[in-house]
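The sequence lines fix the lettering, A, B, ..., with proteins before strands; numbering per chain opens at 1. Because the structure is a prediction, the values reported are computed rather than measured.
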2 protein chains.
Amino acid sequence: MSADAVTIGEAARGTGVSAKMIRYYEETGLIAPAARTASGYRLYAESDLHALRFVRRARDLGFSVEDIRALLALWHDRARASAQVRALALSHVSDLRRRIEALEGMARTLENLAAHCGGDARPDCPILDDLAAGPHSDS
Amino acid sequence: MSADAVTIGEAARGTGVSAKMIRYYEETGLIAPAARTASGYRLYAESDLHALRFVRRARDLGFSVEDIRALLALWHDRARASAQVRALALSHVSDLRRRIEALEGMARTLENLAAHCGGDARPDCPILDDLAAGPHSDS
DNA sequence: GTGGGGCTTCCCATCGTGGGAAGGTCAAGG
DNA sequence: CCTTGACCTTCCCACGATGGGAAGCCCCAC
């Protein structure tokens, strides 16, 4: 099995989580307080790095830190029901889908407006006109 | 022509921008400082409400306050070239598309994982396994 | 003239992240 | 043994956009 404990900098390099964020996660109780050397340096064992990679991956998947707290609890709970994990993931998916729809609507509206905007040196621009006209349902 | 100046509360109700945000926009120079009554109350004329609705609409379209600053400048500039507006809008669209793609990737990955997760009471769950396995390119 | 609602400013919190200062530690090289 | 430089520690501040709330003034209707 691999190496012993490493310092925070190596942990950061090895997990893709910045040292700053590792301390933050510890401070907010997302991860357990790290072991310390006699002089106060934090030490990370392989299992700690594993947890950090878990957090990193979940952040990459767009989970909030609070969601990750729940996921980690389920992860550490050997008797967890997969239904809970699945529900959490699917709830997050629908959240993602909602955000995607919102962004899609914005993008479509702007593309429509831009399509009718000459893009030349004339000052007529339906984009500004639309903005000035106030909110309405997009096409 | 319509009414005279209104107070910040009425402006908020009339534009959908909270009083708090109106003050913030003024403080950060996004909108011009409002006129004041003798006793210090802010007063908003129809043209101010127009600008606030412009900001509101642009926020709804996902523009950052900094982007809106540029849009407002172009709006106020009667000799603006529509090309600039169009470029700003399209650049924002590609930003939106990038964010959509990122969210889409997350959603797809999670849906794949959830599809292989029993969702029953057994503790086997590929979602947690994947998170624990660290980052990899999604399927 | 009093009560209640609206306005003012000021400070604080959020969420996740980064920057930087002031100071202790450690390992390598002279 | 001492210096140097890279690393670590804690602490505070900042972002962007928004909301909450306190303390205090103002205005209108009764």
Side-chain angles (χ1 to χ4, degrees), chain A residues 4-31 33-45 48-49 52 54-72 92 95-96 99 102-103 106, chain B residues 4-31 33-45 48-49 52 54-72 92 95-96 99 102-103 106:
Chain A
D4 270 20
V6 297
T7 61
I8 200 171
E10 289 168 280
R13 279 186 293 275
T15 62
V17 181
S18 73
K20 217 88 187 192
M21 291 313 298
I22 295 176
R23 294 194 196 97
Y24 171 76
Y25 293 151
E26 175 179 326
E27 183 192 316
T28 59
L30 185 66
I31 58 174
R36 301 285 187 131
T37 66
S39 59
Y41 281 26
R42 287 178 180 79
L43 286 181
Y44 297 87
D48 299 317
L49 300 186
L52 284 171
F54 184 108
V55 172
R56 174 64 149 80
R57 171 82 174 135
R59 291 290 301 148
D60 286 348
L61 287 172
F63 284 98
S64 72
V65 168
E66 280 319 296
D67 282 345
I68 299 175
R69 202 181 299 280
L71 287 171
L72 280 170
H92 181 51
D95 189 57
L96 289 171
R99 286 156 63 189
L103 296 181
M106 299 177 197
Chain B
D4 270 20
V6 297
T7 60
I8 200 171
E10 290 169 280
R13 279 185 294 276
T15 61
V17 181
S18 72
K20 216 88 187 191
M21 290 315 297
I22 295 176
R23 294 195 196 96
Y24 172 75
Y25 292 151
E26 174 179 325
E27 183 191 316
T28 59
L30 184 66
I31 59 174
R36 301 285 187 131
T37 67
S39 60
Y41 281 26
R42 285 178 181 78
L43 286 180
Y44 297 87
D48 299 317
L49 300 185
L52 284 172
F54 183 108
V55 172
R56 174 64 149 78
R57 172 81 175 137
R59 289 292 299 146
D60 285 349
L61 287 173
F63 285 98
S64 73
V65 168
E66 279 320 295
D67 282 346
I68 298 175
R69 201 181 299 279
L71 287 171
L72 281 169
H92 181 50
D95 189 57
L96 289 170
R99 286 156 63 187
L103 296 180
M106 299 177 197

OP1 or OP2 of [N] sitting under 4.0 Å from any side-chain N/O of [X]?
{"X": "Ser18(B)", "N": "dG19(D)", "result": "yes"}
{"X": "Tyr25(A)", "N": "dG16(C)", "result": "no"}
{"X": "Arg23(B)", "N": "dC7(C)", "result": "no"}
{"X": "Ser39(A)", "N": "dC26(C)", "result": "yes"}
{"X": "Tyr24(A)", "N": "dG18(C)", "result": "no"}
{"X": "Arg36(A)", "N": "dT10(D)", "result": "yes"}

What integer distance in Å separates [X]:[atom1] from [N]:[atom2]?
{"X": "Asp60(B)", "N": "dT18(D)", "atom1": "CG", "atom2": "C1'", "result": "14 Å"}
{"X": "Glu26(B)", "N": "dT9(C)", "atom1": "CD", "atom2": "P", "result": "8 Å"}
{"X": "Glu27(B)", "N": "dT18(D)", "atom1": "CD", "atom2": "C1'", "result": "13 Å"}
{"X": "Arg69(B)", "N": "dA17(D)", "atom1": "CZ", "atom2": "P", "result": "9 Å"}
{"X": "Ile22(B)", "N": "dG19(D)", "atom1": "CD1", "atom2": "P", "result": "11 Å"}
{"X": "Glu10(A)", "N": "dA27(C)", "atom1": "CD", "atom2": "P", "result": "12 Å"}
{"X": "Leu30(A)", "N": "dT17(C)", "atom1": "CG", "atom2": "C1'", "result": "14 Å"}

Answer yes or no: is there a side-chain heavy-atom contact under 4.5 Å between Val55(A) and Val17(A)?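 Val55(A) vs Val17(A): side chains apart.
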Does this structure show an ion pair linking Arg13(B) with Glu10(B), if we count only N-O contacts that are shorter than 4.0 Å?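 No, no charged N to carboxylate O under 4.0 Å.
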Inspect the contact between Arg23(B) and Glu26(B) and indicate whether a charged nitrogen and a carboxylate oxygen are less than 4.0 angstrom apart.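 No, no charged N to carboxylate O under 4.0 Å.
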Sugar-phosphate, base or nothing in reach of [X], heavy atoms under 4.0 Å:
{"X": "Thr7(B)", "value": "sugar-phosphate"}
{"X": "Thr37(B)", "value": "nothing"}
{"X": "Arg42(B)", "value": "sugar-phosphate"}

What closest approach, in Å, do Ser18(A) and Ala12(A) show between heavy atoms, and which atom pair accounts for it?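 Result for this residue pair: C-CB, 4.1 Å.
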With DNA chain D as reference, determine whether Arg59(B) or Ala38(B) sits nearer its 5' end, using the nearest nucleotide of each.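 Looking at DNA chain D, the more 5' nearest nucleotide goes with Arg59(B).
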Looking at [options], which one has an atom nearest to any side-chain atom of [X]?
{"X": "Lys20(A)", "options": "dG20(D), dG16(C), dG20(C)", "result": "dG20(C)"}
{"X": "Met21(B)", "options": "dT17(C), dA17(D), dT9(D)", "result": "dA17(D)"}
{"X": "Ile8(B)", "options": "dT17(C), dT8(C), dT10(D)", "result": "dT8(C)"}

Between the base of dC7(D) and the side chain of Tyr41(A), is one N or O donor paired with an acceptor at under 3.5 angstrom?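 Yes, a donor-acceptor pair under 3.5 Å.
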Closer than 3.5 angstrom, by distance alone: can the side chain of Arg42(B) be matched with the main-chain N or O of Ala34(B) as a donor-acceptor pair?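 Side chain of Arg42(B) to backbone of Ala34(B): no pair is present.
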Hey, does the side chain of His92(A) reach the backbone of Asp67(A) with a donor-acceptor pair shorter than 3.5 angstrom?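 Side chain of His92(A) to backbone of Asp67(A): no pair is present.
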